[in-house]
Peer 1: 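Please find one structure pasted underneath; my questions will follow.
Both backbone and side-chain heavy atoms feed into the values below; hydrogens, waters and symmetry mates do not. Residue numbers run from 1 in the order of the sequence given.
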Amino acid sequence: MRRAFVTGITGQDGSYLAELLLKKGYEVHGVKRRSSSFNTDRVNHLYEDQHESNPGLVLHYGDLTDGSSLTHLLTKIQPDEVYNLGAQSHVRVSFDVPEYTADSVAMGTLRLLEAIHQTGLACRYYQASSSEMYGSTPPPQNETTIFHPRSPYACAKVFGHQLAVNYRESYGLHASCGILFNHESPRRGETFVTRKITRAASRIKLGLQDRLYLGNLDARRDWGFAGDYVRAMWMMLQQDTPDDYVIGTGESHSVREFVELTFSYLDLDWRKYVAIDPRYFRPAEVDFLHADPSKAHRVLGWTPEVSFEELVVMMVDADLAELNRTLKGGPEAMRSLVGVGD
């Protein structure tokens, strides 16, 4: 049985990756940060009580800001594959908390790579790089495109990406970087623009919200389904030779298009409900990201299975279903829906 170690397992990508690895027969060890509230909603359906069975998924307390915890866990677990997905990953928020973003994203990557190096662990390593690293560089973007990061998050991701390349070249670490373009799902955090749109539109449809406030509607992104993208992560680590790969759909859509498709699916006129709030504009905008994933197609044999339109419908349907379940929960559940729209 192969053993995997995943940082960021409680996030969107981590939960889909854990599902994939468990289906492939892996023993999966995930890192979660200590919190006074439960933050494992995305992986609860995968968890088995260790007192009652031999679980395939095991969660450990640790943090990318704590190098000693990483060294301890790697030494104890001895994983065959390490997936570094943990991060403060909200781009707009990274302008508000730049130091923490750099500590978790950039220095966190350094701590993890150095822990692997110092313990002599023979493993394969996946680095979650980001299309945000390209910033204002004209599209389409591929593996040889120059980076021009436009946020503290993107700068930290460039540092982490180059570190993974450096450890590969300096120490022979089997390290591959997935430069993933935007990928979404019903498990996307509610503060990210795509989920913010589908959730707000669903609430408006049910009469729970009157207005949705957004920032730059003209920003264009290459949006895909997170479940497709974690498959690419795994495929990278099955290659004999480590390398870097751009993962995306090869098509781009504006935020406005995402809004239009979401509201039209619900038979709503988005112009009646959407307003612009300057607070949601970034200090330095990234206008146009568009992937050239031809290398991943050619070398990995990877192609996305979910289209842009299918992704939007999937997310809206999931939000509607969740809201309807809550509405059926009675007055107590109803109170949780009051005042949470933005």
Peer 1: Return the minimal non-hydrogen interatomic distance between Gly135 and Val286, and the atom names on each side.
Peer 2: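 Of all heavy-atom pairs spanning Gly135 and Val286, the closest is O-CG1, 3.3 Å.
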Peer 1: Is it true that a side-chain atom of Arg42 and a backbone atom of Thr10 form a donor plus acceptor pair closer than 3.5 Å?
Peer 2: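 Answer holds: yes.
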Peer 1: I'd like to know if the side chain of His161 reaches the main chain of Cys177, judged simply by a donor and an acceptor atom lying under 3.5 Å from each other, with no hydrogens or angles considered.
Peer 2: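 Absent.
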Peer 1: Is there a path from Ile204 to Leu214 through hydrophobic residues (I, L, V, M, F, W, Y) whose side chains come within less than 4.5 Å of each other?
Peer 2: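 They do share one cluster, since a chain of ILVMFWY contacts under 4.5 Å joins Ile204 to Leu214.
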Peer 1: Looking at side-chain heavy atoms only, is the closest gap between Phe263 and Leu212 below 4.5 Å?
Peer 2: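 Sidechains of Leu212 and Phe263: in contact.
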Peer 1: Taking atom types as modelled, find out whether Thr303 and His297 have a side-chain donor-acceptor pair closer than 3.5 angstrom.
Peer 2: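 There is no such pair (donor and acceptor under 3.5 Å, judged by atom type) between the side chains of Thr303 and His297.
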Peer 1: Is there a donor-acceptor contact under 3.5 Å from the side chain of Thr71 to the main chain of Ala115?
Peer 2: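 It does not hold such a pair.
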Peer 1: Under a 4.5 Å side-chain heavy-atom rule over Ile, Leu, Val, Met, Phe, Trp and Tyr, are Leu311 and Ile247 clustered together?
Peer 2: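 Leu311 and Ile247: one cluster.
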Peer 1: Side chains of Gln127 and Gln162 only: does a donor on one sit below 3.5 Å from an acceptor on the other?
Peer 2: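 Not at all, the side chains of Gln127 and Gln162 share no donor-acceptor pair under 3.5 Å.
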Peer 1: Among side-chain atoms of Asn84 and Tyr125, is any donor-acceptor pair under 3.5 angstrom?
Peer 2: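 Yes, Tyr125 and Asn84 have a side-chain donor paired with an acceptor closer than 3.5 Å.
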Peer 1: Would you confirm whether Lys32, through its side chain, and Asp63, through its main-chain N or O, come within 3.5 Å as a donor-acceptor pair?
Peer 2: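 It does not hold such a pair.
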Peer 1: Please say yes or no: joined through hydrophobic side-chain contacts below 4.5 Å, possibly via intermediate residues, are Leu59 and Val82 part of one cluster?
Peer 2: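 The answer is no; the residues belong to distinct hydrophobic clusters.
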Peer 1: So do Leu85 and Val6 actually touch side chain to side chain, heavy atoms under 4.5 Å?
Peer 2: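 Heavy-atom side-chain distance check passes, below 4.5 Å.
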Peer 1: Ignoring hydrogens and angles, state whether a donor on the side chain of Asp243 or Ser176 is under 3.5 Å from an acceptor on the partner side chain.
Peer 2: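 Distance-only check fails for Asp243 and Ser176.
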Peer 1: Could you give the distance from CG (Leu20) to OH (Tyr16), rounded to the nearest 0.5 Å?
Peer 2: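 Answer rounded to 0.5 Å: 12.5 Å.
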Peer 1: Quick check: does any side chain N or O of Thr198 sit under 3.5 Å from a backbone N or O of Val316, one acting as donor and the other as acceptor?
Peer 2: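 Checking the backbone N and O of Val316 against the side chain of Thr198, no donor-acceptor pair under 3.5 Å is found.
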Peer 1: Are the side chains of Met314 and Val312 in contact, using a 4.5 Å heavy-atom criterion?
Peer 2: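 A side-chain contact is absent here, since even the closest heavy-atom pair is not under 4.5 Å.
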Peer 1: Does the side chain of Asp292 reach to within under 4.5 Å of the side chain of Val246, using non-hydrogen atoms?
Peer 2: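 A side-chain contact is absent here, since even the closest heavy-atom pair is not under 4.5 Å.
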Peer 1: Rounded at 0.5 Å granularity, tell me how far NE2 in His148 sits from CD in Glu132.
Peer 2: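 Taking NE2 in His148 and CD in Glu132, the distance rounds to 12.5 Å.
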Peer 1: Could you state the interatomic distance from OG (Ser131) to CZ (Phe181), rounded to the nearest 0.5 Å?
Peer 2: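 Rounded to the nearest 0.5 Å, the OG-CZ separation comes to 5.0 Å.
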Peer 1: CG of Asp317: more than 12 outside heavy atoms within 6.0 angstrom?
Peer 2: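 Yes, the 6.0 Å shell around CG holds more than 12 heavy atoms from other groups.
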Peer 1: Are any of the side-chain heavy atoms of Val58 and Val28 separated by less than 4.5 Å?
Peer 2: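 Val58 vs Val28: side chains apart.
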Peer 1: Taking all heavy atoms of Gln78 and all of Leu121, pick out the closest pair and write down the distance.
Peer 2: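 Taking Gln78 first and Leu121 second, the nearest heavy atoms are OE1-CD1, 3.7 Å.
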Peer 1: Applying ring pair (Phe, Tyr, Trp, His ring centres under 6.0 Å), run through Phe5 and Tyr83 and close with a yes or a no.
Peer 2: CA-CA 6 Å; Phe5 179 84; Tyr83 295 85; over 10 Å; no
Peer 1: Using a 6.0 Å distance limit plus a 45 degree cone around the ring axis, check whether Lys157 lies over the aromatic ring of Phe147.
Peer 2: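 Negative - Lys157 is either too far from the ring of Phe147 or too far off its axis.
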Peer 1: Would you say that more than 12 heavy atoms from the other residues, nucleotides or ligands in this model lie under 6.0 Å from the CD of Gln238, or not?
Peer 2: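 More than 12 heavy atoms, drawn from other residues, nucleotides or ligands, come within 6.0 Å of this atom.
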Peer 1: Atom CZ in Arg199, atom CG in Asp319: separation rounded to 0.5 Å?
Peer 2: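 That separation rounds to 7.0 Å.
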Peer 1: Return the set of residues passing salt bridge (charged side-chain N to carboxylate O under 4.0 Å, His left out) with Arg231 (not counting sequence neighbours), or none when no residue passes.
Peer 2: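 With neighbours one apart ignored, the set is Asp228, Glu305.
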Peer 1: Enter the distance from Arg150:CZ to Cys155:SG here, rounded to the nearest 0.5 Å.
Peer 2: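 With rounding to 0.5 Å, CZ (Arg150) is 10.5 Å from SG (Cys155).
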Peer 1: When you look at Glu143 and Lys295, which way does the salt bridge (Lys or Arg N to Asp or Glu O under 4.0 Å) test go after all the steps?
Peer 2: CA-CA 8 Å; Glu143 292 81 5; Lys295 180 179 177 180; 5.2 Å; no
Peer 1: Regarding His174 and Gln239, do their side chains bring together a donor and an acceptor under 3.5 Å, going by distance alone?
Peer 2: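 No, no side-chain donor-acceptor pair sits under 3.5 Å.
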Peer 1: Should Glu322 and Arg195 count as an ion pair when the cut-off is N to O under 4.0 Å?
Peer 2: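 Salt bridge present between Glu322 and Arg195.
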Peer 1: Give a yes or no on whether a salt bridge exists between Glu81 and Arg124, defined as a side-chain N under 4.0 angstrom from a carboxylate O.
Peer 2: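 Here Glu81 does not pair with Arg124 in a salt bridge, since their nearest N and O are not under 4.0 Å apart.
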Peer 1: Can the ring centres of His183 and Phe225 be said to be less than 6.0 Å apart?
Peer 2: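 His183 vs Phe225: aromatic centres not under 6.0 Å.
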Peer 1: Answer yes if the side chains of Tyr171 and Asn166 hold a donor-acceptor pair under 3.5 Å, and no otherwise.
Peer 2: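 Their side chains do not contain a donor-acceptor pair, so the 3.5 Å distance test is not met.
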Peer 1: Show the numbers, then the answer: is there a side chain to side chain contact (heavy atoms under 4.5 Å, CB included) between Phe192 and Ser89?
Peer 2: CA-CA 10 Å; Phe192 289 83; Ser89 59; 3.7 Å; yes
Peer 1: Identify whether Ile179 and Met236 are in the same connected component of the hydrophobic contact network (ILVMFWY, side-chain heavy atoms under 4.5 Å).
Peer 2: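 Hydrophobic grouping puts Ile179 apart from Met236.
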Peer 1: Between Tyr167 and His117, what is the ring plane arrangement, given parallel below 30°, perpendicular above 60°, and tilted in between?
Peer 2: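 Aromatic pair Tyr167/His117 classed perpendicular.
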Peer 1: Which atom names give the shortest non-hydrogen contact between Leu217 and Ser254, and what distance separates them?
Peer 2: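 That would be O-CB, 3.8 Å.
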Peer 1: Working to the nearest 0.5 angstrom, can you tell me the gap between Ile197 CD1 and Glu184 CD?
Peer 2: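 If I round to the nearest 0.5 Å, the distance is 9.5 Å.
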Peer 1: Which heavy atom of Asp244 sits nearest to which heavy atom of Arg168, and what is that distance?
Peer 2: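 In this case the closest contact between Asp244 and Arg168 is OD1-NH1, 3.0 Å.
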Peer 1: Within 45° of the ring axis of Tyr280 and under 6.0 Å from its six-membered ring centre, is that where the NZ or CZ of Arg92 lies?
Peer 2: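 The answer is no; the distance or angle limit is not met.
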Peer 1: Sub-3.5 Å donor-acceptor pair from the side chain of Asp80 to the main-chain atoms of Arg3, do we have one?
Peer 2: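 Yes.
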Peer 1: Is any side-chain heavy atom of Leu57 less than 4.5 Å from a side-chain heavy atom of Leu21?
Peer 2: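 No. Closest side-chain heavy atoms not under 4.5 Å.
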Peer 1: Any luck finding a side-chain donor-acceptor pair between Tyr273 and Arg211 under 3.5 Å?
Peer 2: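 Looking only at side-chain atoms, Arg211 and Tyr273 do not form any donor-acceptor pair under 3.5 Å.
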Peer 1: Are Leu17 and Leu74 grouped together when hydrophobic residues (ILVMFWY) are joined by side-chain heavy atoms under 4.5 angstrom apart?
Peer 2: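 They do not share one cluster, since no chain of ILVMFWY contacts under 4.5 Å joins Leu17 to Leu74.
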Peer 1: Which heavy atom of Val105 sits nearest a heavy atom of Ala87, and at what distance?
Peer 2: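 Nearest pair, atom of Val105 first, then Ala87: CG2-CB, 3.7 Å.
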Peer 1: Are any side-chain N or O atoms of Thr7 and backbone N or O atoms of Gly86, one a donor and one an acceptor, separated by less than 3.5 Å?
Peer 2: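 Checked: pair present.
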Peer 1: Could you check whether Arg220 pairs with Glu285 (Lys NZ or Arg NE/NH1/NH2 to Asp/Glu carboxylate O, under 4.0 Å)?
Peer 2: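 Between Glu285 and Arg220 there is no salt bridge, as every charged N stays at least 4.0 Å from the carboxylate O atoms.
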Peer 1: Any Lys/Arg nitrogen of Arg203 or Asp210 sitting under 4.0 Å from an Asp/Glu carboxylate oxygen of the other?
Peer 2: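 No salt bridge links Arg203 with Asp210.
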Peer 1: Are the side chain of Gln141 and the backbone of Tyr134 linked by a donor-acceptor contact shorter than 3.5 Å?
Peer 2: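 Side chain of Gln141 to backbone of Tyr134: no pair is present.
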Peer 1: Can you check whether Asn324 reaches Leu327 side chain to side chain, under 4.5 Å on heavy atoms?
Peer 2: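 Asn324 vs Leu327: side chains touch.
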Peer 1: Distance alone, cut at 3.5 Å: any donor-acceptor contact between the side chains of His90 and Gln88?
Peer 2: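 Judged by distance alone, the side chains do not pair up.
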Peer 1: Do the non-hydrogen side-chain atoms of Thr65 and Met107 ever get within less than 4.5 Å of each other?
Peer 2: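 They are not in side-chain contact.
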Peer 1: Keeping Asp222 on the side-chain end and Ala291 on the backbone end, is there a donor-acceptor pair under 3.5 Å?
Peer 2: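 Side chain of Asp222 to backbone of Ala291, a donor-acceptor pair under 3.5 Å: yes, one is there.
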Peer 1: Quick one: do the Thr194 and Arg188 side chains pair a donor with an acceptor below 3.5 Å?
Peer 2: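 No pair is found: no donor N or O on one side chain lies under 3.5 Å from an acceptor on the other.
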Peer 1: Over all heavy atoms of both residues, which pair between Pro242 and Ala175 is shortest? Give the atoms and the distance, please.
Peer 2: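 In this case the closest contact between Pro242 and Ala175 is CB-O, 3.3 Å.
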Peer 1: Just by distance, do the side chain of Ser130 and the backbone of Met133 share a donor-acceptor pair under 3.5 Å?
Peer 2: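 Not confirmed, Ser130 side chain does not pair with Met133 backbone.
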Peer 1: Between the side chains of Tyr229 and Trp302, does any donor sit under 3.5 Å from an acceptor?
Peer 2: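 Looking only at side-chain atoms, Trp302 and Tyr229 do not form any donor-acceptor pair under 3.5 Å.
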Peer 1: Of all residues at least two apart in sequence or in a different chain, which pass the ring pair (Phe, Tyr, Trp, His ring centres under 6.0 Å) check with Phe95?
Peer 2: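 Here no residue qualifies.
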